[in-house]
Amino acid sequence: MKKTSPEQRRRILIVEDNEKNMYLMNFLLTKSGYEIIKCGSGEEAVETAVKEKPDLVIMDIQLPGIDGLEATKRIRASEADGSIPIVAVTSYAMTGDKEKVLAAGCNGYIEKPINPETFLAEVQKYIK
Amino acid sequence: MMECYPGIENTEMFGFLRRCMKEHIPHHMENEFAFPDGSKGWYELSIYAVPEGVAILSQDITEHKRAEKEVQFKGVLLDMAADSVLVSDLSGRIIYANKAAEELRGYSGGELIGQDLHKLTTPEYAQLLNGRVAEINQKGVLTYESAHYRHDGSSFPIEVHAHLIERDGEKLILRIGRDITERKRAEERELELAKAREIDRLKSMFVASMSHELRTPLNSIIGFTGILLMGMAGELNEEQKKQLAMVKSSAGHLLTLINDVIDVSKIEAEKIQLTIEEFDLSRLVKEIKDSFAVAAEEKALKISVEMPDKAAVKSDERRIKQIIINLVSNAIKFTDKGEIGIRVAGNGKRVLISVKDTGIGIKNEDMGRLFKQFSRILVEGQPLQEGTGLGLYLSQKLARVLGGEIKAESEFGKGSEFTLTLPLEYKGG
């Protein structure tokens, strides 16, 4: 795993309402040297993403309030250049909705349950 | 008279004239005659005895006769109609009933005439009758459903088209009725079917949402077990690794079961969504083969593949992958030594993927149960294999959704071959 120096640390915004899933992703990514910003709702995610301009947003789709699709659309709408990579985390039941995820403006999706062995490699794919 | 009308003494009329003169009884007769243009007409002749002899009054009744015939003809038409035709006054007293009206209710020979429609109607509809009469009187026409009694006391549903008519200034109601027993039955059957479908749909929805809830905790079980096994949360000893690997395997099994249940409920609710794209089947099969490398190695099984370098297929890659994974994992599960052979071949329209093993095989009597849900085949002397009993059932359903089919051939003790055939291009299931 490539470790970067603190000043170059990549920042990832995780949008997830389930505490355990948040802990899991946070653990894996922090251990790998990323700086994590956490959000528990779609509304909060839109505000934070626009303000903080993270290097990646990991977006859960099923969220209280506005869902991940809507949050993604709003982030895309308020960005000047649409440059923040957003990767959706979808459950198996949602896979038929791959098109919906992409249409909302996500760059791709990672399927739940998260496989720790492949998760980091998948995340890295989306970071510029 | 005999001078004026030679030969009159031989006619029938002459006999009447003589009788009238002798017995003073008036006589009427109607006779047909021909107009100069050849058309038929009728005249009436009345003979009265008068003091001077006899008076003969003659009248052309052609128009009257025609009208009478027309009425008779219309009566015949009404009697031939299959629908019940009833005419009643506003109080419900029947003054006309056609043959169908009688037959439908088990009456004959004018028995319905004079009866009260209220008494021919079952109580629940009889109480509505006066209101309906008022409505017919106001609107002129009305269509409604009712139930009428037969002569034997049984009843039947009837659809009535009622019209307000007038005769000599008296308001009457014409009711054309049709027995709708069959239609009612069909409606009831349809209703029951719709109810059954709704229950089925609710059941599938329940299963789908329940499965989602069941899967959420699995996300952290699988995730954290993985982290622990990777040593990311600290070093583990061999026993800890072994036990955690069992937790991970069981969690994986549970996940497969839940996913299968979701898929089955989606297919049964006809809610499965397909993603149709062109992909290389050979690449997919290679990926699947590689993903089973460890499992095959553990049982010292060889996986051989025979396929073209590239095989373009337009279908749902994910679903096809699911089917092939199911077939290969079954083959490994039920094979202790030998090899698993995967073969891909096409014929221009269809593609065939076969998975052949040298495993325990399937007895002839078990072949019929292979694709049934929750059916698991127990072989004597063999442990019952871990499974959901949904794998082949689901695979076959998916294959059909994709317009294909899975066929199985097997020789007990020697091995099995499962062949999936699919259209090269998906064009509906």
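Order of the sequence lines fixes the chain letters, A, B, ..., with proteins taken first and strands second; residue numbering starts at 1 for each chain. Below, all heavy atoms of this structure are taken into account, side chains as well, without hydrogens, waters or symmetry copies.
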Worksheet item: For A:Asn115, is it the side chain, the backbone, both or neither that has a heavy atom under 4.5 Å from a heavy atom of chain B?
Response: neither
Response to the item:
Whatever's closer than 4.5 Å to a heavy atom in chain B on A:Ile114 counts as backbone
When you look at [atom1] of [X], are more than 12 heavy atoms from neighbouring residues, nucleotides or ligands closer to it than 6.0 Å?
X        : atom1 : value
A:Glu122 : CD    : yes
A:Phe27  : CZ    : yes
A:Lys53  : NZ    : yes
B:Asn237 : CG    : yes
B:Glu297 : CD    : no
A:Glu19  : CD    : no

Discussion item. Tell me the closest heavy-atom pair linking A:Glu117 and B:Lys248, and the distance in Å.
Written reply: OE2-NZ, 3.0 Å
Item to complete: Mind listing the closest non-hydrogen atom pair of B:Gly223 and A:Pro116 along with its distance?
Response: O-CG, 3.1 Å
Worksheet item: For the candidates B:Thr216, B:Leu255, B:Asn219, which exhibits the highest count of non-hydrogen atom pairs separated by less than 4.5 Å from chain A?
Response: B:Asn219
Worksheet item: When rounded to the nearest 0.5 angstrom, what distance separates CE in A:Met22 from OG in B:Ser220?
Response: 14.0 Å
Discussion item. Please classify the contact of B:Ala251 with chain A as side chain, backbone, both or neither, using a heavy-atom distance under 4.5 Å.
Written reply: neither
Worksheet item: Is there side-chain contact between A:Pro113 and B:Leu218, with heavy atoms separated by less than 4.5 Å?
Response: no
